[in-house]
Amino acid sequence: MIFKSFQKTYNTIIAENNFYRFIIFFLMLFLLIAMMGWLGKENTTVLVPPTLNEKAEISNKSASATYKKSWALFIAELLGNVTPGNSDFVLSSIQPLLASDVYQNVTNGMRQEVAVMKRDAVTVQFHPRSVSYETTTNKCFVTGRTSILASTGEISSFDRTYEVEVSIRAGRPVIAYLDSYVGNPHTSDVVDRMNKNQQMKQNIDRANESKKQSDERRELEQIKEQVNPEETIE
């Protein structure tokens, strides 16, 4: 009896040990998976930009729309308020933010504008009115009023839009695209309408040109018939 009782207790202990080993194995496996996921997870930082009263998030490869709009507004205000005295500072401040694939074109264009401003002693001011973000193109549009003050005291003002694409590379914001133009933002819908209008204009121009050529041929045939009425014009 004692031996059977001892054997039963021993078997129970063996069974419990096997069960605990099974549980420990799965716990270790779960812990390993959790650690791998934690190590591979991108760190996300929550920021409150000084130009916007909203929270903005940025990780190693991406950022929230609020963060991108904040940077676009900063770029637009920096580029839009230039004098002959601070033009070199503006150029040197923008250069480190430019992506490598747009660096040369943007830098060359800004250098030309700076040279013209220094030569003509022109001062530019920009007063932003709105900032928008388009998810499909990852572009920010900063629209406002630009005033150009010439050395003669003459002032010219017009609406202007700065189009900025802010990308995140290794946790750092870079300008992947930069453009400015007169008027309202060229969003994807606006660009589609402009392309359709341009295509329609080209079709109309081709139709008019074809009609013009046809009229010229008909007129030439009529002239030939008047000069040589007995000849048949093929």
Side-chain angles (χ1 to χ4, degrees), residues 41-82 86-114 116-117 124-148 158-199:
K41 182 181 179 181
E42 294 182 353
N43 292 328
T44 300
T45 305
V46 179
L47 305 173
V48 180
T51 54
L52 295 174
N53 296 323
E54 304 175 38
K55 286 186 177 181
E57 295 184 358
I58 176 174
S59 63
N60 192 45
K61 296 181 181 179
S62 63
S64 63
T66 301
Y67 182 82
K68 295 178 180 180
K69 289 194 296 182
S70 178
W71 268 104
L73 180 59
F74 168 76
I75 297 299
E77 290 184 325
L78 185 62
L79 293 176
N81 295 277
V82 185
N86 74 349
S87 56
D88 290 330
F89 167 76
V90 171
L91 177 59
S92 62
S93 299
I94 290 293
Q95 285 177 324
L97 299 173
L98 298 174
S100 57
D101 50 344
V102 301
Y103 181 90
Q104 201 62 46
N105 290 336
V106 174
T107 300
N108 291 339
M110 290 183 62
R111 283 174 177 167
Q112 294 176 1
E113 293 181 4
V114 166
V116 172
M117 292 185 63
V124 180
Q125 294 180 342
F126 178 70
H127 302 282
R129 290 198 304 259
S130 65
V131 184
S132 60
Y133 174 74
E134 188 175 53
T135 306
T136 55
T137 59
N138 191 36
K139 291 181 178 179
C140 299
F141 303 91
V142 184
T143 304
R145 191 73 175 171
T146 289
S147 299
I148 300 178
F158 52 89
D159 289 337
R160 189 183 193 93
T161 296
Y162 286 89
E163 188 173 312
V164 187
E165 180 182 349
V166 180
S167 298
I168 307 300
R169 300 179 184 177
R172 185 176 69 90
V174 295
I175 302 173
Y177 179 83
L178 178 62
D179 191 15
S180 66
Y181 41 81
V182 176
N184 295 322
H186 293 174
T187 60
S188 57
D189 292 339
V190 174
V191 172
D192 288 342
R193 286 198 299 270
M194 293 171 62
N195 291 336
K196 290 180 181 178
N197 292 338
Q198 181 66 21
Q199 185 64 40

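Starting from 1, each residue takes its place in the sequence as its number.
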TODO: Take Val190 and Asn184 through the test side chain to side chain contact (heavy atoms under 4.5 Å, CB included) and record every step on the way to the result.
DONE: CA-CA 9 Å; Val190 174; Asn184 295 322; over 6 Å; no
TODO: Could you tell me which non-hydrogen atom of Thr137 sits nearest to which non-hydrogen atom of Glu165, and how far apart they are?
DONE: O-CD, 4.3 Å
Open item on the list: Between Ser92 (side chain only) and Phe89 (backbone N and O only), is there a donor and an acceptor less than 3.5 Å apart?
Closed with: yes
Open item on the list: Within this structure, what is the NZ-OG distance for the pair Lys69 and Ser130, rounded to the nearest 0.5 Å?
Closed with: 10.0 Å
Task: Gap between atom CH2 of Trp71 and atom SG of Cys140 - 0.5 Å precision - done: 12.5 Å
Task: Candidate pair Arg129 and Val142, rule side chain to side chain contact (heavy atoms under 4.5 Å, CB included), full reasoning - done: CA-CA 8 Å; Arg129 290 198 304 259; Val142 184; over 6 Å; no
Task: Interatomic spacing from CZ in Arg193 to OG1 in Thr187 - rounded to 0.5 Å - done: 6.5 Å
Open item on the list: As an exercise, state the distance from CD of Glu163 to CD1 of Ile75, rounded to the nearest 0.5 Å.
Closed with: 14.5 Å
Task: Minimum heavy-atom distance Ala63-Lys68, with the two atoms named - done: O-CE, 3.7 Å
TODO: Output all residues satisfying side chain to side chain contact (heavy atoms under 4.5 Å, CB included) with Thr136, sequence neighbours left out; order by chain, then residue number.
DONE: Glu134, Ser188
TODO: For the residue pair Ile175 and Tyr177, establish whether any side-chain heavy-atom pair is separated by less than 4.5 Å.
DONE: no
Task: Contact check, side chains of Val174 and Leu97, non-hydrogen atoms, under 4.5 Å - done: no
Open item on the list: Go through it in stages, so that I can follow the logic: the residues are Asp159 and Val182, the test is side chain to side chain contact (heavy atoms under 4.5 Å, CB included), and I'd like the CA-CA distance, side-chain angles, deciding distance and then a yes or no.
Closed with: CA-CA 6 Å; Asp159 289 337; Val182 176; 5.7 Å; no
- [ ] Sequence neighbours left out, what passes side chain to side chain contact (heavy atoms under 4.5 Å, CB included) with Asn105? Give chain and number order.
- [x] none
- [ ] May I ask you to check whether Tyr181 and Tyr162 place their ring centres under 6.0 Å from each other?
- [x] no
Open item on the list: Show the nearest heavy-atom pair for residues Gly183 and Thr161, with the distance to one decimal.
Closed with: O-OG1, 2.6 Å
Task: For the student: nearest non-hydrogen atoms of Ala72 and Val164, plus distance - done: CB-CB, 4.1 Å
Open item on the list: Holding to ring pair (Phe, Tyr, Trp, His ring centres under 6.0 Å), I want the full list of residues that pass it with Tyr103, two or more places apart in sequence or in another chain.
Closed with: none
Open item on the list: Less than 3.5 Å apart, any donor N or O on the side chain of Thr143 or Arg160 sitting next to an acceptor on the other?
Closed with: no
TODO: Could you tell me the separation between the CG atom of Leu79 and the CG atom of Leu178, rounded to the nearest 0.5 Å?
DONE: 6.0 Å
- [ ] Would you give the length of the straight line joining atom CD of Glu77 to atom NE2 of His127, rounded to the nearest 0.5 angstrom?
- [x] 10.5 Å
Task: Side chain to side chain, Asn138 and Tyr133, heavy atoms closer than 4.5 Å - done: yes
Task: Check: Ser93 and Leu78 side chains under 4.5 Å, non-hydrogen atoms - done: yes
- [ ] Without swapping roles, check the side chain of Asn86 against the backbone of Val82 for a donor-acceptor pair under 3.5 Å.
- [x] no
Task: Short side-chain to backbone donor-acceptor contact, Asn81 and Gln125, under 3.5 Å - done: no
Open item on the list: Testing the basics here: between Ala99 and Ala176, what is the closest heavy-atom pair and its distance to 0.1 Å?
Closed with: CB-CA, 4.1 Å
Open item on the list: For a quick test of reading the model, state the closest non-hydrogen atom pair linking Tyr67 to Pro173 and the distance between them.
Closed with: OH-CG, 3.4 Å
